[in-house]
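Note sheet for the following structure.
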Amino acid sequence: MDLFIHTPGNEHPEIINIEPTALVRELLTDDISGGQVWLTEVDQEIDLALTLEAAGIRPHHHVHRGVCHKVEVVVRFNGDHEHTFGPATTIKSVEKWAFGPKVADLSREQAAKHVLAVPGSDHFLEDSVHVGSLVKPGSCKVVLDLLPRSRFEG
Amino acid sequence: MTSAVLPPDERALLEHLRGGRFLSGVVEGHWRLIPVTWPFAMVAVSAAKRPNSPSEFVLRFELNGYPHVAPTGGLWDIETDSSLAVDRRPKGERAALLFRSDGWDGGSGAMYAPWDRMGLKAHSDWAQKYSHDAWNPTRDLSFILTKIYEVLNADDYLGI
């Protein structure tokens, strides 16, 4: 079956083909020693000794692999705002917190005109990106800027 | 023609279309590929439900030089094999700006955006001014499709 697999250092998933009877630990690569695997938007890691099918992983599911069990997210918007998320949490979910009353307190109309971005990057983050994909080696912390979406004029 | 003799721009596109980013969008129902006839590729992008409006819009991209040269693309009517008529184009603040039909020089075959070759050509400052949205050779077609999908599924999209 085909799976979408998310990995630190790459915002977008790779597609891999693997047997449903393979073990979850086979999703880990050699450079992720001590790593774990999560289903997208699920904080609890999956037992590595289970088979994919026993773990409830189905074709075209999105899974995350990495070493950070939690990711400390700092959003910069009128000061620093911190919250901890599971690594397989999507940017769409991080935005719900960042745009909400505990951080920016944006109306629905205002929220639609804002985005998150990694400081110094050349793009805005897409909804489907896993926050655990943004960590750097040796760190489980991610800093994000909350920015207005561009309106093209000229 | 085998992949070994494909030109590099077409080869780069096909590689991106086989990648997880594009295929994830297909599986999620965000877009679907209509076969590539090089240098053109047509992709249907899903739109939010609105009364008396289609569930998707077809974009026809011209991709010569991809990804070193920015794609250009616009709304397409596959039944008539021509640019989509003005009265069948998506309405709404951002959709109307993206798919301008007011005589802009880019015409009906391009998007008014810094990820479109014609948009960049018409505005020499956009690559720097809107660097988060501007095309550069590290982008792929899914970058543009994600932008279009977002516009067609935003609250301010009003249908046709």
Side-chain angles (χ1 to χ4, degrees), chain A residues 1-7 9-18 27 40-41 58-65 90-92 95 99 106-130 133 144-154, chain B residues 15-30 48 92-94 96-100 104 106 111-116 118-120 122-147 149-151 153-157:
Chain A
M1 64 179 172
D2 288 340
L3 294 179
F4 294 105
I5 189 153
H6 299 244
T7 307
N10 190 350
E11 290 182 21
H12 304 294
E14 293 173 65
I15 190 162
I16 62 166
N17 185 270
I18 189 167
L27 295 174
T40 190
E41 301 284 23
R58 300 288 179 259
H60 296 137
H61 271 177
H62 285 250
V63 296
H64 184 89
R65 63 185 174 195
T90 62
I91 288 299
K92 187 173 186 176
E95 285 181 346
F99 297 169
L106 304 177
S107 69
R108 186 168 172 160
E109 290 73 24
Q110 289 171 325
K113 295 176 180 176
H114 287 77
V115 283
L116 294 173
V118 174
S121 71
D122 69 351
H123 59 280
F124 300 125
L125 289 169
E126 296 176 9
D127 286 351
S128 60
V129 172
H130 286 180
S133 298
L144 303 174
D145 285 335
L146 198 163
L147 301 170
R149 195 184 288 281
S150 301
R151 177 183 166 84
F152 313 129
E153 295 172 315
Chain B
E15 186 179 322
H16 288 160
L17 297 180
R18 287 193 292 265
R21 188 182 190 185
F22 181 83
L23 293 176
S24 174
V26 173
V27 170
E28 300 292 331
H30 293 181
E93 185 180 345
R94 284 191 294 154
L97 185 63
L98 181 59
F99 301 112
R100 284 177 63 168
W104 171 56
M111 288 171 282
Y112 191 74
W115 54 77
D116 188 287
M118 298 304 289
L120 285 170
H123 303 87
S124 57
D125 61 332
W126 273 13
Q128 189 167 11
K129 187 176 180 183
Y130 302 123
S131 60
H132 283 78
D133 290 307
W135 183 266
N136 68 53
T138 68
R139 314 286 198 206
D140 64 29
L141 191 61
S142 299
F143 173 82
I144 296 177
L145 296 174
T146 301
K147 304 284 188 190
Y149 177 82
E150 197 279 323
V151 169
N153 290 271
D155 285 350
D156 67 357
Y157 163 61

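Convention: sequence-line order gives letters A, B, ...; per-chain numbering from 1.
With a 4.5 Å cut-off on non-hydrogen atoms, A154(B) does not touch chain A at all. For a residue to count as touching a neighbouring chain, one of its non-hydrogen atoms must lie under 4.5 Å from one of that chain's; by this rule R139(B) touches chain A with the side chain only. Contacts between L97(B) and chain A at a heavy-atom distance below 4.5 Å involve the side chain alone, from C-beta outward. Contact annotation for D156(B): neither backbone nor side-chain heavy atoms come within less than 4.5 Å of a heavy atom of chain A. Both the backbone and the side chain of R151(A) come within less than 4.5 Å of a heavy atom in chain B. E14(A) touches chain B through its backbone: at least one of N, CA, C or O sits under 4.5 Å from a heavy atom, while the side chain does not. Both the backbone and the side chain of S24(B) come within contact range of chain A, judged by heavy atoms closer than 4.5 Å.
For the pair L120(B) and A127(B), the tightest heavy-atom approach, listed with the atom from each and the gap, is CD2-N, 3.9 Å.
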Mind running side-chain hydrogen bond (donor to acceptor under 3.5 Å, both in side chains) on H130(A) and T40(A) for me, showing each step along the way? CA-CA 8 Å; H130(A) 286 180; T40(A) 190; 2.9 Å; yes
Would H114(A) and F124(A) count as a ring pair (Phe, Tyr, Trp, His ring centres under 6.0 Å) if you check the C-alpha gap in whole Å, the side-chain angles of each, and the deciding distance to 0.1 Å? CA-CA 10 Å; H114(A) 287 77; F124(A) 300 125; over 10 Å; no
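S121(A) contributes a side-chain N or O that, together with a main-chain N or O of H123(A), makes up a donor-acceptor pair within less than 3.5 Å.
Using cut-offs of 30° and 60° on the angle between ring planes, the pair F4(A) and H62(A) is parallel. Aromatic ring orientation, Y130(B) versus W126(B): perpendicular (interplanar angle above 60°, classes split at 30° and 60°).
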